[in-house]
There are 4 protein chains.
Amino acid sequence: MRESTLSLKERQRQQREQLILHASEEILLEKGYHEMCMDEVAARVGIAKGTLYLHFSRKEDLVLALLELQMQAILLNVQEAVSAPGSVRSRLETLLATSYMRLKGEHGRLFYALFGAVELRPLLRSRHHALLDQLLSSLEVLLNEGKASGEFDPAIPTTIMLHTFSSLLASYPFKRLLLEETVTPEELVQYVGKIFFRGVANPQRAYVESLA
Amino acid sequence: MRESTLSLKERQRQQREQLILHASEEILLEKGYHEMCMDEVAARVGIAKGTLYLHFSRKEDLVLALLELQMQAILLNVQEAVSAPGSVRSRLETLLATSYMRLKGEHGRLFYALFGAVELRPLLRSRHHALLDQLLSSLEVLLNEGKASGEFDPAIPTTIMLHTFSSLLASYPFKRLLLEETVTPEELVQYVGKIFFRGVANPQRAYVESLA
Amino acid sequence: MRESTLSLKERQRQQREQLILHASEEILLEKGYHEMCMDEVAARVGIAKGTLYLHFSRKEDLVLALLELQMQAILLNVQEAVSAPGSVRSRLETLLATSYMRLKGEHGRLFYALFGAVELRPLLRSRHHALLDQLLSSLEVLLNEGKASGEFDPAIPTTIMLHTFSSLLASYPFKRLLLEETVTPEELVQYVGKIFFRGVANPQRAYVESLA
Amino acid sequence: MRESTLSLKERQRQQREQLILHASEEILLEKGYHEMCMDEVAARVGIAKGTLYLHFSRKEDLVLALLELQMQAILLNVQEAVSAPGSVRSRLETLLATSYMRLKGEHGRLFYALFGAVELRPLLRSRHHALLDQLLSSLEVLLNEGKASGEFDPAIPTTIMLHTFSSLLASYPFKRLLLEETVTPEELVQYVGKIFFRGVANPQRAYVESLA
DNA sequence: AATGAATGAGGGTTCATTCAT
DNA sequence: TATGAATGAACCCTCATTCAT
């Protein structure tokens, strides 16, 4: 009985926290970090300002929590994609697909709202550099695998491949394209994949393939 | 006499405006839009705050002017590159080179400082969309030229090519790479060019070339 | 049965009240009235904040209760000293001794923590003026007794004697001296007693004594 | 012209600063440090809140400035009294007189308002301990002089004399007495002086005097 | 034209007190 | 009875913008 009571309270608490996070994200997307004010978050959730501070003791904590959630989700996506079966190309394309879906949805836009707040940078760096690095190294492993299997051109430094790929993974131009619905995420994956994988393909193997 | 007096005054005015813009850019890069305060701009230029407002009647106007300058410079670069002689590829590579130099320098970083201020977005849009569009159409012309000459793959929609190229033109991952001096702008141009142009190359012609 | 149950509960209640008062005093001494917050009191006692309000319905009441206890204790001391056998001087010296011990201990410092909170003054006045007055009149009786017995100089108004004595009874300079352990309470009683009693001594009697 | 303009502005500034300090002192006396709010200070002076911050950049600075003024004035009084001609007793009585006048006036009460704010203590200590120490050593010099000249009892430690005197110099009981106008400052000086100087008088010399 | 003092709205955060469970 | 989540008023401080000189 008591247990269920506690977990009910706890569940309500979690629920409210979700509402707060949701409202914050909304406002963040509309107005950015500075323009978002705690009064409005509270008002939009329908709670008092003080209540907000029972969940997040600083404005920073609120957006950091939001970001943490996003990054965890992304990292999870990356890890799933990376450890999936199939060719390196297909796995990277899965990543592109995930990212473009995200870019189109609200979550993806959050990053753009937050990365702009220069004063958050120190916080973002100190708490999330690790995550970003992890993300990049996962990709790196995959790209090296592609090189080892002869799929990718060994003449192109992995660093460059890596950063080129991540430039294509989350870019402002693509975000606009997707939001304007000029292309679907699927089309984008198809064409960007085509360009990138042709671009990094091992010419040797291409030659062999062209013979086939 | 009067004219020369006026033009002297005018010249001084212009000079001071430059100083203001320069100081603003500095602070903007250091602290971002919100952290930059008008007192500090005035102090750094060595004028009174009121005087600032004789040049720019809003904080927004100040940064917008800065951005305008940047965009004009970029547009000029683009137009020069576009109308230069040579192959489409070489002209686009010139663009990449210009952009990567910029990314490495202070000017390039300005965009990141400004794009983050979400509340500037409406302004940026309303006043600069035109410029961005102009930039994109210049590139589009070039890409279409490449397609027409058989250099680029007609199977890839120009829009996609265009946005892929602009994703590679100014991306956060590349900015980091350049700032950390992991690669030189020249290397980056070389490899990114390689990837992109192989990626969008006309397979037909590649076949012809491979026959050659 | 019921009675003993009630009285058990009541005893527990009293006990908790003591704990609350104790914790409050601790915090009050550490941080002063404003810095003391109800959350911390509750936390230090190990009860919920709501429970605090079952005992003291305002923060003010809490510290007032504390003060009341102190004043009762002081009054008791004064009354004991006043009604003790011995010379007026010896009885007043007992009072000095008690006060200096208190000044050195935690309880004495409480007054300084509270008297500073100017907003408590109205409360202190309205509820404790009576007590202070009682204290002063007890002393006054004693001093008048000293005058009547020829021990004290009748030329010095009793009011002045009284307030001079109470200035020496509890003073900030002495508090510091005692806390820094520059002197012991005993030494202080000895010397301050010497100064005060010589100061108020009846010169007539001193003459007589000097003849003796 | 220009000079007079500047000094006019400067004079206005100083004047306003005085108004601010005066208003703050008033409120401080009425409500104490915590209850005093910057809005009210501004309102009472008749300026905007922001203007306040052009003069004092923190609430703390405001009250510290007030205190500094007081302490400087007190120190000046002490130094004047100490270096005046006349007997040690007459010089110390001048000090008592000055202090009791102050205690009766608004300024004297300020100390009581401020010393209570426990959180100001660190500031008070770090910035004013030096002044207090200077004050105490000035007094100490004087008392030692009195001892050397045979005026004071060498058997009483100077430290005790010093702190006894300062207990009588500024005490809460005397403040009340003076405010209630039960006694005049002059009477108080006369009687307290009598008590103190009899109390610390050299018995040897008293004996000699009694012979005379 | 240049100044810089004055303005005042606005925002983050705290905490005594209440009240549903 | 005991709890502790919820409340919201209050407060300090910042800074873009104005305007009298």
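To find a chain, count down the sequence lines: A is the first, B the second, and so on, and within it residues start at 1.
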**Student:** Distance check needed: F:dA5 P versus A:Glu17 CD, whole Å only.
**Tutor:**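 Rounded to the whole Å, the gap is 12 Å.
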**Student:** Would you mind telling me which residue lines up with the more 5' stretch of DNA chain F, D:Tyr53 or B:Tyr53, judged by nearest nucleotide?
**Tutor:**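 The residue mapped nearer the 5' terminus is D:Tyr53.
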**Student:** A:Lys9 has an atom NZ; how far is it from atom C1' of F:dA2, in whole Å?
**Tutor:**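 Taking NZ of A:Lys9 and C1' of F:dA2, I get 11 Å after rounding.
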**Student:** Taking the side chain as every heavy atom from C-beta outward, state whether A:Glu30 and A:Glu35 have any pair of such atoms under 4.5 Å apart.
**Tutor:**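 No, every pair of side-chain atoms sits at 4.5 Å or beyond.
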**Student:** Using whole Å, what does the distance between atom P of nucleotide E:dA16 and atom CD of C:Glu60 come to?
**Tutor:**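 Result: 11 Å.
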**Student:** What does A:Arg58 touch in the nucleic acid at a heavy-atom separation under 4.0 angstrom: a base, only the sugar-phosphate, or nothing?
**Tutor:**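 Contact class for A:Arg58: sugar-phosphate only.
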**Student:** Would you indicate whether the side-chain heavy atoms of B:Phe56 and B:Leu64 approach each other to under 4.5 Å?
**Tutor:**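 No. Closest side-chain heavy atoms not under 4.5 Å.
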**Student:** Using a 4.5 Å cut-off on heavy atoms from C-beta on, say whether the side chain of D:Ile47 contacts that of D:Leu19.
**Tutor:**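 SC-SC contact between D:Leu19 and D:Ile47 ruled out.
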**Student:** Does NZ or CZ of A:Lys59 come closer than 6.0 Å to the centre of the six-membered ring of A:Tyr33, within 45° of the ring's axis?
**Tutor:**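 Yes, cation above the ring, under 6.0 Å and within 45°.
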**Student:** Consider the side chain of A:Lys59, meaning its heavy atoms from C-beta on, and name the nucleotide among E:dT7, E:dG12, E:dA1 that approaches it most closely.
**Tutor:**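 Looking only at side-chain atoms, A:Lys59 lies closest to E:dG12.
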**Student:** What residues from residues 38-48 of chain D pass a heavy-atom cutoff of under 4.0 Å to DNA chain E?
**Tutor:**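 Only D:Ile47, D:Ala48 qualify.
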**Student:** Rounded to whole angstrom units, what separation is found between the CD1 atom of D:Ile27 and the C1' atom of F:dC11?
**Tutor:**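 Checked: the CD1 to C1' distance equals 14 Å.
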**Student:** Nearest nucleotide by nearest heavy atom, which residue falls closer to the 5' end of DNA chain E, B:Gly50 or C:Lys49?
**Tutor:**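 Comparing both residues, the 5'-ward one is B:Gly50.
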**Student:** Any side-chain heavy-atom pair from A:Gln72 and A:Leu69 closer than 4.5 angstrom?
**Tutor:**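 A:Gln72 does not reach A:Leu69 side chain to side chain.
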**Student:** Measure the distance from NE2 on C:His34 to P on E:dC15 and round it to the nearest whole Å.
**Tutor:**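 From C:His34 NE2 to E:dC15 P: 11 Å.
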**Student:** Write down the distance between CZ (A:Phe56) and P (E:dT14), rounded to a whole number of angstrom.
**Tutor:**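 Rounded to whole Å, this separation is 16 Å.
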**Student:** Can you list everything that forms a side-chain hydrogen bond (donor to acceptor under 3.5 Å, both in side chains) with B:Lys49? Sequence neighbours excluded, please.
**Tutor:**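 Expected list: B:Asp39.
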**Student:** Under a 3.5 Å cutoff on both atom distances, Watson-Crick or G-U, what's the dot-bracket for DNA chain E ([ ] crossing, | other strand)?
**Tutor:** .||||||||||||||||||||
**Student:** Could you tell me which residues satisfy side chain to side chain contact (heavy atoms under 4.5 Å, CB included) with C:Arg13, sequence neighbours excluded, listed by chain and number?
**Tutor:**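 C:Arg13 satisfies side chain to side chain contact (heavy atoms under 4.5 Å, CB included) with C:Glu10, C:Glu17, C:His55 once adjacent residues are dropped.
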**Student:** Between D:Thr51 and E:dT7, is there a side-chain N or O to OP1/OP2 distance below 4.0 Å?
**Tutor:**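 For E:dT7, OP1 or OP2 has a side-chain N or O of D:Thr51 closer than 4.0 Å.
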**Student:** How close or far is atom P of F:dA5 from atom CD of A:Gln12, stated in whole angstroms?
**Tutor:**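 So the CD-P distance, A:Gln12 to F:dA5, works out to 12 Å.
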**Student:** Taking only residues two or more places apart in sequence or in another chain, which ones pass side-chain hydrogen bond (donor to acceptor under 3.5 Å, both in side chains) with A:Thr51?
**Tutor:**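 Expected list: none.
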**Student:** Between B:Arg16 and C:Met36, which residue's closest nucleotide on DNA chain E lies nearer the 5′ terminus?
**Tutor:**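 With C:Met36 and B:Arg16 compared, the 5'-side residue is B:Arg16.
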**Student:** Within the 4.0 Å heavy-atom criterion, would you say B:Arg13 contacts the bases, only the backbone, or no part of the nucleic acid?
**Tutor:**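 The residue B:Arg13 makes no contact with any strand.
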**Student:** If you find the nucleotide of DNA chain F closest to B:Ser57 and the one closest to C:Leu54, which residue's nucleotide is nearer the 5' end?
**Tutor:**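 It is C:Leu54, whose closest nucleotide lies nearer the 5' terminus.
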**Student:** Going by the rule side-chain hydrogen bond (donor to acceptor under 3.5 Å, both in side chains), which residues pair with C:Glu40 if we only count those two or more places apart in sequence or in a different chain?
**Tutor:**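 In terms of side-chain hydrogen bond (donor to acceptor under 3.5 Å, both in side chains), with neighbours along the sequence ignored, C:Glu40 is linked to C:Lys31, C:Arg44.
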**Student:** Rounded to whole angstroms, how far apart are CG on D:Leu52 and P on F:dT14?
**Tutor:**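 So the CG-P distance, D:Leu52 to F:dT14, works out to 12 Å.
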**Student:** Taking the side chain as C-beta and beyond, is there a heavy-atom pair between A:Val63 and A:Ser24 under 4.5 Å?
**Tutor:**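 They are not in side-chain contact.
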